[in-house]
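Labels below follow one simple rule: chain letters A, B, ... track the order of the sequence lines, proteins then strands, and each chain is numbered from 1. Below, all heavy atoms of this structure are taken into account, side chains as well, without hydrogens, waters or symmetry copies.
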Amino acid sequence: MNRRIILLLAVLLLAALPLLNLLPVSNPLHVSDFLVSIIGKWICYAILALALDLAWGYAGILSLGHGAFFALGGYAIGMHLMRLIGPRGAYGHPTLPDFMVFLGYRQLPWFWLGFDWFAFAFAMALIVPGLLALVVGYLAFRSRITGVYLSIITQALTYALMLAFFRNDMGFGGNNGFTDFKELLGMPLANSGTRAILFYASLVSLVLVFLVCARLSVTKYGRVLTAIRDAESRVRFLGYDVTHHKLFVFVLSAMIAGLAGALYVPQVGIINPGEFSPANSIEAVVWVAFGGRGTLVGAVLGAFSVNAIKTWLTSVAPDLWLIVLGCLFIAVPLLLPKGLVGLIRRRKEKP
Amino acid sequence: MLTATNIDLSYGASRCLRGVSLSVGPGQVAAVLGRNGVGKSSLLRSIMGLERIQGGSIIWEGKEVRGLGPAERARAGIGYVPQGREIFPFLTVQENLETALAAAPRGSNVPAEVFDLFPILRQFLRRRGGDLSGGQQQQLAIARALTARPRLLILDEPTEGIQPNVIKDIARVIRHLAKDRNFAVVLVEQYFEFARDLADTITVMVRGEVALAGKTQELDEAEVRKLLTV
Amino acid sequence: MFDLALPKLLKAAGRGGILLLGLLLLMAPARAQDFDALVPGLAGTFGEQAEAVERLGSLADPRALPLLQAMSDARLLKLADGSVAIQQGATVPEGASLVRINNRVRVALRGALGRLQLVSPDPAQRLSAADAILRNRSAEDIPILETALARESRPEIRERLELALGGARLASTDAAAKRAGVATLGASSSPEARNLLLAARAANPELSGAIDTAVIAIDKKLQFRQAAETFFQGLSLGSVLLLAALGLAVTFGVMGVINMAHGEFVMLGAYTTVVVQEFCRGIPALQPWSLPLAIPAAFLVTAAIGAAMERGLIRHLYGRPLETLLLTFGVGMVLQQVVRLVFGAQNREVISPAWMMGTMTLPGGVSITQNRAWIILFAIAVLLATLAAIRLTRFGLEMRAVVQNRRIAATMGIRTGRVDAMTFAFGSGIAGLAGVALSQIDNVSPNLGTGYIIDSFMVVVFGGVGSLMGTLIGAFTLGLVNKLLEPYAGVVLAKVLLLVGIMMFIQRRPKGLFALKGRAADQ
Amino acid sequence: MNEPQDLAALPHAVSTKGLYLDGVSVVFDGFRALNSLSLIVEPGELRAVIGPNGAGKTTMMDCITGKTRPGSGIVRFGDRDLTRMDEASIANLGIGRKFQKPTVFDALTVFENLELALKAPRGPIACLRWVLSGEARSRIEKTMLEIGLTVRAGDLAGLLSHGQRQWLEIGMLLMQDPQLLLVDEPVAGMTDHETEQTAALLVGIAGERSVVVVEHDLEFVKALNSKVTVLHEGSVLSEGSISHVQNDPRVVEVYLGR
């Protein structure tokens, strides 16, 4: 009960931020635009961390490709946002985004069709990562590629996608990606009201995803995943088709990551191939590890705390951030194998 | 002189050795007998340092070796012939023997007397250990332990799954090492006659404990057999 | 100061070419006098100039070259006595004046210079002359090209000359000469010859059959050359992958440790090369040896860091591969950032020694860059050295024993912890060697290693964990397949296809190409 | 009682409702782990399999449960060819296996371990929608009573003693409601008292189901009071009652006190 109250309070506190932003600057409780937008970003990261924790913490699938699912979700929404710019682009072309005019496209490529419709784009933000996870997961799990092998394969996949999206002829804006977005669902993105709505959309998504994951983890399915994580072959001898079970959670997790990306892009106003960088995926892993894997709270806590350190450090001593992050990677497995949550629990048990 | 006293060993919640003691001096053969799974191999592994014991002491040549790892015990003069031979399957016979030169000075060779004891190995020097027959592997395992020039040799069921003529060879070698070379030998066996013919002392274990121990001549053979067979 | 005595000047210019002069004189005994008679014409009227230039140009007398060159550069002086000399320095001496030319003379000069340069002692000049003639082929050039070809020994110049000759013959009006031209071009293997032939096809319907045959012959040779060059590029990529993957095959294959910092070790090897080079720059005697010195230096630096990492960090995580992966990734990040802070984020330049620069041309026109050829050799040498270290040394024996049965190896007195550290150091050291090689063909930057690490893992997984033979075959297979796919699929798609291919392959053979079989492998 | 020689002569199309192995060979890198092994276990039969180390006992289990594909030979259960099925399908056919090293799920409670093993639809969706019915609960509780772990129902399996883990694993086998149980060294590391209890438990299970027990401990095998098969170098050396086997000179030669 106690834990639930703390979580509820935390959510309420977050929910209050955009409202406090509306207060006059002179008010001591005023919260800056910067803080609202950055917390909005962290909420998306926390959703990504939940996705990763579901796959890694519960089912033992250490995916180094979740950054790619996140980015794919972001690109899907980005395509929608690009379509909405319409003739307001620098070249003023009625249908083609600027980069296509620049690259000499005559008409919209087939895979851009339908993205002018928000529901379609939003569905794609979930379906495309899900489909990719389905194909990769099927190939990998069927041949019992597990552990580090799976990690390496997913990382290679991410890397290949990054190279692909860097190319101009892929039709996704190449190096520069998408930016200069104007509006979403008729609301101008520059408007602080829109930002508040996006913030709440993210917060609601975070709570929902958290509840879904928490619910899932207490079903028998959640216990099957735990069993697979700890003794995969034993589960097979109990008659469970491990491939199906892993595939199910992997696809679900990829879709959640896609959702996180879809919420992220309108808030930051840009998406480019850098999001596919393998380092991003593995950074998400460290959020989960730092917070405490296999505990959903830990994933959220890790995403918030590591990103808080990152934000602070990149403003104070930007050169040191990567070193600190590297040291986190080193220190967590050695000193904090159960993460922050493990540390807190141990504190509680000791006295 | 090896003196192991009151050794306790458990894996998690299951205790496999309960206050087991054993001692053997130079020129002596101590046999440890018992049915499958009574903890004989665990006792040898504890002496070699492959198991971390929870209680008791192991004194070798006057020094407590309980805290040392297997490599340091090997360097202190304890040679080990594991159950199931465990030769290195992808190394040649020559290389298998040379692994035991780890503590020897640079440029040392396999002692010639190893080949005198097991002449058959000389023919197979370039063959992979995994390609030898079971009996040849057993001879290789003993030869390998001897290459490190130990003063104590511990053998874990050296006759298991071996054809009778090789068993005779092995018995001859063990007797030679103890009587002519003054080795201390600890021998774990299920094969009663083999142990009785070689051993100066016999320890019979049942369920992790010593059920019977004493000089070979003084033990009641029928009683020992009763503890061994079903 | 300038030299007024033309004979002296000519002597100096011609001394190197006496033999050649003799040869030319033999062929055309009258020409020596012609030369002397023609020279004053250079200072005459524009008409006289043009004629003298054309005739000097067809004389193939090497003495004419500097004169005509000077004339073209507006450095030819007309002296008071009516003779000519080349201006030395910036001033025009008393009584002399610069020879002026018009466009007609200029055109004549261009052709004549081209023809004359063909017999120049400087190969670069001969090559550019051949190119010049090739550009405006005319039948008049046939004899001089034939002469030049007869005495040309350099294959790359011969190739251009043959091309020019073929073109010139095609431009002739004589049917037999044309036929010979088609044959000459057909024997070449350049795309230019193919274009010349195709261009001539419409104008010469009577030759179309011969031209078609010649074009097909060229196409075949071009295909072969392209295949050979693709093969070489594949070998080159394969050797780079081999270098990067060999160290991994040791740490991952032998010890089962995923070292995500392996790419950073490669990068450190490259930076060690930079540092050694900079150190040697100050000591002239050492300068040519900087690359050979970098090899042991890079090995030692990365091996030391590898050993420290194994003893200090990885050792605590044996049996927890996922945690090891995270930890080593962190080490990689730290190393990368530290290098970025120390050396800066921009690329560092490594100067390849002269013997590694340039291209060599193999028979059939296949050209290979020297540095890549060296890297292929280096990769094979490193592979052999690695094999030797594992097969023949005490350390190698202990390493193999520990891999096959750690517990029993310890009972033989082998200090397994020390072997682990040395094995890791060894694998890391090989990564350093890869860095030395990569510094010669790639930009040395803090993220040098990231581009190779994923491919290297693929090589090890594909080849079979724990098998150096598998690593060798895997590296070259991946290199070749990558380069074979690239022309059809593009760089990125080739990578994606390769990745999918490997995943399909693992479906069939989960343990890679060269899996250790049987019970011992499962232990 | 069939002697092994007679077995080999049987036509291959023989149909038995139980387990049927004939001419099964497995070769690892030149080493013959199984050498034309033949074995029939009737429905409801309790069978002990003994043999020295390396006789092929574990490899035999691997072949039956789909972990290893035999190089040649027939492995059937009823009318199903087991060599063509994967581990999960074989398990769903009604063949349960207890490993030598007890592998229970440490991060789950005793109750959850049993619930996971309980025969029920195995797909992800089915597991998500799974609701513990009263009937299922009473089955689990009955089994916990049988294996003596009722008081530990809510404890994590990781906290159990060695013997309790062995029993939990046997309990998990029972929850699968198998027709055939393969039990590998169930009493390793157990006290005398625990061993007796285990023997009684297994004897109780047999009758409704076939049970194959692989064990070293001859005293335990005696307590099972069942037909015994002795394996040696990958094939059947002797088969029959415990006294028959004990008096077989070949068995005495390779296995008992020489």
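- In terms of heavy-atom pairs under 4.5 Å with chain C, the best-connected choice from B/R106, B/R73, B/M48 is B/M48.
- Put simply, CZ on B/R144 and OG1 on C/T411 are 6.5 Å apart, with the number rounded to the nearest 0.5 Å.
- Nearest heavy-atom pair, C/I408 versus B/F88, reported as atom, atom and distance to 0.1 Å: CG2-CZ, 4.1 Å.
- In this structure, OG1 on B/T99 lies 7.0 Å from CZ on C/R394, to the nearest 0.5 angstrom.
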Item to check | Stepwise side chain to side chain contact (heavy atoms under 4.5 Å, CB included) check, C/R407 with B/E86 | outcome: CA-CA 10 Å; C/R407 288 155 46 94; B/E86 303 215 39; 5.7 Å; no
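- For B/R66, the CZ atom counts as densely surrounded, since its 6.0 Å shell holds more than 12 non-hydrogen atoms of other residues, nucleotides or ligands.
- Counting all heavy atoms, side chain and backbone alike, C/I414 lies closest to B/A71 at O-CB, 3.3 Å.
- The heavy-atom pair separating C/G413 from B/R75 by the smallest distance is O-NE, 2.7 Å.
- Shown here for B/F90 and C/Q404, the closest heavy-atom pair between the two residues is N-OE1, 2.9 Å.
- At most 12 heavy atoms of other shown residues, nucleotides or ligands fall within 6.0 angstrom of atom CZ in C/R418.
- Taking chain C as the reference chain and counting heavy-atom pairs below 4.5 Å, the highest number among B/L50, B/N96, B/I78 is found for B/L50.
- Residue contact with chain C, scored on non-hydrogen atoms closer than 4.5 Å, involves the backbone and the side chain of B/L101 alike.
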